[in-house]
Undergrad: 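Below is one structure. I have some questions about it.
All values below were derived from every heavy atom in this structure, side-chain atoms included, with hydrogens, water molecules and symmetry-related copies excluded. Sequence lines set the chain letters: A, B, ... in the order given, protein chains first and strands last, and positions in each chain run from 1.
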There are 2 protein chains.
Amino acid sequence: MPRPATLTADLITAAALKVGDREGVKAMSMRRIAAELGCDPMSLYRHFPDRQALLDAVADLALADARDPDPGESWEARLVAVLTSIRSAALRHPGIAAHIAGRPPLQRHGRRLAAAIIGALAEAGLPPADVIRATQALIAYLAAALAMSLQAGEPDARWRELRAAIAALPDALPDDALPVTGSDDQFGYGLGLLIAGIRVEAEHGRER
Amino acid sequence: MPRPATLTADLITAAALKVGDREGVKAMSMRRIAAELGCDPMSLYRHFPDRQALLDAVADLALADARDPDPGESWEARLVAVLTSIRSAALRHPGIAAHIAGRPPLQRHGRRLAAAIIGALAEAGLPPADVIRATQALIAYLAAALAMSLQAGEPDARWRELRAAIAALPDALPDDALPVTGSDDQFGYGLGLLIAGIRVEAEHGRER
DNA sequence: ACCTGAACACCGTTCAAGT
DNA sequence: ACCTGAACACCGTTCAAGT
């Protein structure tokens with residue numbers, strides 16, 4: 001790895017994302033990232049106050065290729081599009097995805113995407129105070145669904161018993177026909193519930 | 001700290017929770033917990049395969065005093081009651097709450113509470129496959145809302161700009177009248193959206 | 001004034017040596 | 001066979017010493 005002439009925050013962020021993509025979260029240490037750049041670990045502290053701040057920047061960068069929704073679509077379709085796009089972008093960078101889930105980034109790309117969500121909710125007809133409530137609810141749901149998708153990669157034995165409990169209900173499907181934790185289908189279902197709830201809420205407001 | 005005659009998994013779990021409550025997540029290290037018990041750090045590995053497994057047990061213990069809902073209530077009221085109770089129990093143990101949020105515990109207490117959620121959703125009239133989808137959606141939302149409540153303790157500057165963006169909407173309220181990230185009110189609003197969505201979904205199913 | 005790297009105060013876990 | 005604690009391979013960050 002040739003050392004670049006001058007170190008910048010962007011160079012560090014890009015290098016950290018690369019290390020995370022290649023070797024996972026654990027490898028994204030200050031020492032390891034510095035080694036990737038061929039510089040002293042302490043040099044990173046010239047551009048970021050601490051590791052948390054660096055990871056925040058990496059998380060935001062990972063959302064760079066999450067696309068804004070087509071403004072011609074309905075507010076419902078735009079919400080689905082932007083949230084699905086964020087989820088896909090995050091899952092393309094599993095090293096930093098857990099950090100995105102735990103601390104939704106609100107820098108360049110995070111704000112751009114949040115603006116798309118806010119715009120859709122305003123068009124749905126929610127009053128401003130509910131727009132922020134609904135935005136945070138959607139981001140919260142996205143974050144947690146993302147975290148579950150990451151853990152579902154492992155042999156999600158922790159959910160087996162829960163699924164078994166449901167299989168014991170009357171009219172139950174066979175256990176292996178039950179939806180899988182963290183799947184696209186599972187994500188879409190919960191998102192659908194929230195959007196249905198938003199629609200109901202917006203209609204109530206209009207009647208009042 | 002007097003060393004108990006025999007070390008058990010329960011003793012270790014209780015000691016770990018106590019350390020976490022008193023000194024936060026960072027203090028819940030194998031070494032620190034062992035010191036609390038007056039034993040060698042390696043002794044813990046006789047009862048738990050690794051730190052993750054120990055924290056899973058602590059997370060479940062923290063939910064011990066989350067109460068089951070009153071079976072006489074409507075399914076909506078029961079859902080609100082059980083999810084609010086889980087959130088309160090978790091917030092009473094901030095040291096382990098982040099772990100609960102990231103990895104919903106599904107041992108003794110986690111399963112008991114999940115059963116309450118499943119029961120309410122089945123009574124709402126969802127088919128079994130949707131019961132599991134909705135259960136996971138509710139748990140996901142709860143987990144993330146919990147994580148946000150924990151971070152909101154800090155001077156949540158990260159959300160200020162998002163709130164500023166909403167304050168710029170037509171009909172906006174003054175910025176300081178906007179709902180606060182991670183507040184009880186914020187949690188309740190998102191939960192209300194999900195429940196409204198579940199009601200719509202259950203009605204659709206009934207018409208079909 | 002700026003930058004470096006040694007040092008501090010920790011980690012989780014392995015494993016060889018003791019009983 | 002069981003248990004212990006020394007040792008390994010790391011951490012994030014501080015800070016004194018160099019330029």
Undergrad: Hey, is the side chain of A:Ser43 poking within less than 4.0 Å of OP1 or OP2 on C:dC3, counting only N and O atoms?
TA: no

Undergrad: Rounding to an integer number of Å, can you tell me how far B:Leu7 CG sits from D:dC2 P?
TA: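 Distance, rounded to whole Å: 16 Å.
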
Undergrad: Which whole number of Å gives the distance between the P atom of D:dA9 and that of C:dC10?
TA: 22 Å

Undergrad: Residues two or more places apart in sequence or in another chain: which of them pass salt bridge (charged side-chain N to carboxylate O under 4.0 Å, His left out) with A:Arg92?
TA: A:Asp65

Undergrad: Holding to side-chain contact (heavy atoms from CB on, under 4.5 Å), I want the full list of residues that pass it with A:Ala59, two or more places apart in sequence or in another chain.
TA: A:Ile96, A:His99, A:Ile100, A:Pro105

Undergrad: Mind checking what makes side chain to side chain donor-acceptor pair (under 3.5 Å) contact with B:Arg46, not counting sequence neighbours?
TA: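 Side chain to side chain donor-acceptor pair (under 3.5 Å) check on B:Arg46 returns nothing, list empty.
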
Undergrad: Answer yes if the side chains of B:His93 and B:Asp21 hold a donor-acceptor pair under 3.5 Å, and no otherwise.
TA: yes

Undergrad: With sequence neighbours excluded, tell me which residues meet side-chain contact (heavy atoms from CB on, under 4.5 Å) with B:Asp50.
TA: B:Gln52, B:Ala53

Undergrad: May I ask you to verify if any side-chain N or O of B:Arg46 is less than 4.0 angstrom from the OP1 or OP2 atom of D:dC3?
TA: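 Yes, because at least one side-chain N or O of B:Arg46 sits under 4.0 Å from OP1 or OP2 of D:dC3.
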
Undergrad: For A:His47 and C:dC2, give me the distance from atom NE2 to atom C1', rounded to whole Å.
TA: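 After rounding, the gap between these two atoms is 13 Å.
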
Undergrad: Based on Watson-Crick and G-U pairs with both distances under 3.5 Å, what dot-bracket line describes DNA chain D 5' to 3', crossing pairs as [ ] and inter-strand pairs as |?
TA: ||.|||||...|||||.||

Undergrad: Starting at CD1 of B:Ile33 and ending at P of C:dC10, how long is that distance when rounded to a whole Å?
TA: 15 Å

Undergrad: Sugar-phosphate atoms are those with a prime plus P, OP1 and OP2; base atoms are the rest. Using that split, label each nucleotide of nucleotides 12-19 of chain C B, S or - for protein heavy atoms under 4.0 Å, 5' to 3'.
TA: BBB-----

Undergrad: Rounded to whole angstrom units, what separation is found between the NZ atom of B:Lys26 and the C1' atom of D:dC11?
TA: 11 Å

Undergrad: Taking side-chain contact (heavy atoms from CB on, under 4.5 Å) as the test, write out the residues that go with B:Ala98, two or more places apart.
TA: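 Listed in chain order: B:Leu150.
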
Undergrad: For residues 192-202 of chain B, dump all side-chain donor-acceptor pairs below 3.5 Å to protein atoms at least two apart in sequence or in another chain.
TA:
| unit_1 | atom_1 | unit_2 | atom_2 | d |
| --- | --- | --- | --- | --- |
| B:Arg199 | NE | B:Glu76 | OE2 | 3.0 |
| B:Arg199 | NH2 | B:Glu76 | OE2 | 3.4 |

Undergrad: Taking only residues two or more places apart in sequence or in another chain, which ones pass side-chain contact (heavy atoms from CB on, under 4.5 Å) with B:Ala9?
TA: B:His47, B:Phe48

